[in-house]
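Note that the numbering runs from 1 along the sequence shown for the chain.
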Amino acid sequence: MTDLTRRASLLTLAGAASALITRPAFAAGPEEAQSGARNISSFRALRWQDHFDRLGKGAIIADLPSRALHYWSGDGTQYRLFPTSIPMSEDLTRRGRTEIVRKRSGPDWTPTADMRRRDPDLPAYLPPGPENPLGTHALYLSWPAYLIHGTHDTRKIGRKSSSGCIGLYNEQVAELFALAEVGTQVLLI
């Protein structure tokens, strides 16, 4: 293969890759949107009306296959979509309905007995700070030991990396923390 042919092939490949990367996520046709096909970023468009009778104090859907968290305010004027980390295995994954029962800025962390059995090197307790896996803010759910929280380890977002919790970037969990009230309904699907 000559240098000219090689360059032409590389330019063709680069152009094709560029077209795929720059294709807008919202450019899906009606049949893709109705079938639930994922856009290029892997997030699915969801409507709260398909999952809740009313918004109440607000609604959160943690879409585990898409690794995304959707938030709607109680009055329906605010909508946010955040990338998340999700549980690292199916046996650690809980699905269903719950609600936010408590919120804490600067959470401390006590690993569960199961976590310490899986990883005996875990500390018995960590105060708030940069070593704390709960990040800067935590939203506690009605299920014991299940939270929506931040993380200081940004490599975890978009991955199966938690022991059951839903993790967000610290900046985004701070935004959600300010928006979501205690009593906000939560659905993990």
**Request:** Just do the side chain to side chain contact (heavy atoms under 4.5 Å, CB included) check on Ile61 and Ile189 with the steps written out, would you?
**Result:** CA-CA 7 Å; Ile61 297 176; Ile189 58 173; 3.7 Å; yes
**Request:** If a pair satisfies ring-ring contact (aromatic ring centres under 6.0 Å, His included) and one of its residues is in residues 100-120, list it, with sequence neighbours excluded.
**Result:**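 The answer is none; no pair qualifies.
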**Message:** Is the ring pair Trp143/Tyr146 parallel, tilted or perpendicular, if the boundaries are 30 and 60 degrees?
**Reply:**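 Trp143 vs Tyr146 ring planes: perpendicular.
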**Asked** Between the side chains of His152 and Asn132, does any donor sit under 3.5 Å from an acceptor?
**Response**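 No - no donor-acceptor pair under 3.5 Å links their side chains.
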**Item:** Short side-chain donor-acceptor distance under 3.5 Å, Thr112 and Asp114
**Value:**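 Thr112 and Asp114 do not have a side-chain donor-acceptor pair below 3.5 Å.
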Taking a hydrophobic cluster as the set of Ile, Leu, Val, Met, Phe, Trp and Tyr residues connected by side-chain heavy atoms closer than 4.5 Å, whether directly or through intermediates, do [X] and [Y] fall within one such cluster?
X      : Y      : result
Leu64  : Ile148 : yes
Leu188 : Leu176 : yes
Met115 : Leu147 : yes
Phe52  : Val186 : no
Leu92  : Leu69  : no

Only pairs under 3.5 Å count here: list side-chain donor-acceptor contacts from residues 121-128, not counting sequence neighbours, and write none if there are none.
from: Tyr125; atom 1: OH; to: Asp108; atom 2: OD2; distance (Å): 3.1

For the atom pair [atom1] ([X]) and [atom2] ([Y]), what is the distance rounded to the nearest 0.5 Å?
X      : Y      : atom1 : atom2 : answer
His137 : Leu168 : NE2   : CG    : 12.0 Å
Asp50  : Arg47  : CG    : CZ    : 4.5 Å
Thr154 : Tyr169 : OG1   : OH    : 6.0 Å
Asp153 : Arg159 : CG    : CZ    : 9.0 Å
Lys103 : Thr184 : NZ    : OG1   : 7.5 Å

**Derivation and outcome, side chain to side chain donor-acceptor pair (under 3.5 Å), residues Asp91 and Ser89** = CA-CA 6 Å; Asp91 63 316; Ser89 66; 2.4 Å; yes
**Item:** Cationic tip of Arg104 above Phe177 ring, under 6.0 Å, 45° of axis
**Value:**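 No, Arg104 and Phe177 do not form such a contact.
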**Prompt:** Tyr140 ring centre to Arg102 NZ or CZ under 6.0 Å, with the angle to the axis within 45°?
**Reply:**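 Yes; both conditions hold, so Arg102 lies above the ring face of Tyr140.
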Should [X] and [Y] count as side-chain neighbours, where that means a heavy-atom distance under 4.5 Å?
X      : Y      : result
Leu46  : His51  : yes
Ile100 : Glu181 : no
Leu179 : Arg80  : yes
Thr93  : Ile86  : no
Asp75  : Leu55  : no
Glu99  : Val101 : yes
Met88  : Ser162 : no
His149 : Cys165 : yes

Considering all heavy atoms of both residues, which atom of [X] and which atom of [Y] are nearest to each other, and what is their separation?
X      : Y      : answer
Thr84  : Ala68  : OG1-N, 3.5 Å
Tyr79  : Trp72  : CD1-NE1, 3.1 Å
Gly167 : Ile157 : O-CD1, 3.5 Å
Ile166 : Pro87  : CD1-CD, 4.4 Å

**Message:** Tell me whether Asn170 contacts the main-chain N or O of Gly150 through its side chain, where contact means a donor paired with an acceptor under 3.5 Å.
**Reply:**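 No, because the side chain of Asn170 does not come within donor-acceptor range (under 3.5 Å) of the backbone of Gly150.
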**Request:** Without swapping roles, check the side chain of Ser73 against the backbone of Thr77 for a donor-acceptor pair under 3.5 Å.
**Result:**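 Yes: the side chain of Ser73 pairs with the backbone of Thr77.
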**Message:** The test is side chain to side chain contact (heavy atoms under 4.5 Å, CB included); show your working for Ile60 and Gln185 and say whether it passes.
**Reply:** CA-CA 6 Å; Ile60 291 173; Gln185 54 197 333; over 6 Å; no
**Request:** For the pair Glu90 and Lys160, find out whether any cationic side-chain nitrogen is under 4.0 Å from an anionic carboxylate oxygen.
**Result:**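 A salt bridge is absent here (no side-chain N lies under 4.0 Å from a carboxylate O).
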Just checking [X]: does its [atom1] atom have more than 12 heavy atoms from other residues, nucleotides or ligands closer to it than 6.0 angstrom?
X      : atom1 : result
Arg116 : CZ    : yes
Asp53  : CG    : no
Arg54  : CZ    : no

**Prompt:** Can you tell which of Glu171, His70, Glu175, Arg67 makes a side-chain contact (heavy atoms from CB on, under 4.5 Å) with Phe82?
**Reply:**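 Running side-chain contact (heavy atoms from CB on, under 4.5 Å) over Glu171, His70, Glu175, Arg67 with Phe82 returns exactly one hit, Glu175.
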**Message:** Quick one, Ser142 with Thr98, criterion side chain to side chain donor-acceptor pair (under 3.5 Å). Give me CA distance, side-chain angles, the key distance, then yes/no.
**Reply:** CA-CA 6 Å; Ser142 62; Thr98 183; 2.5 Å; yes
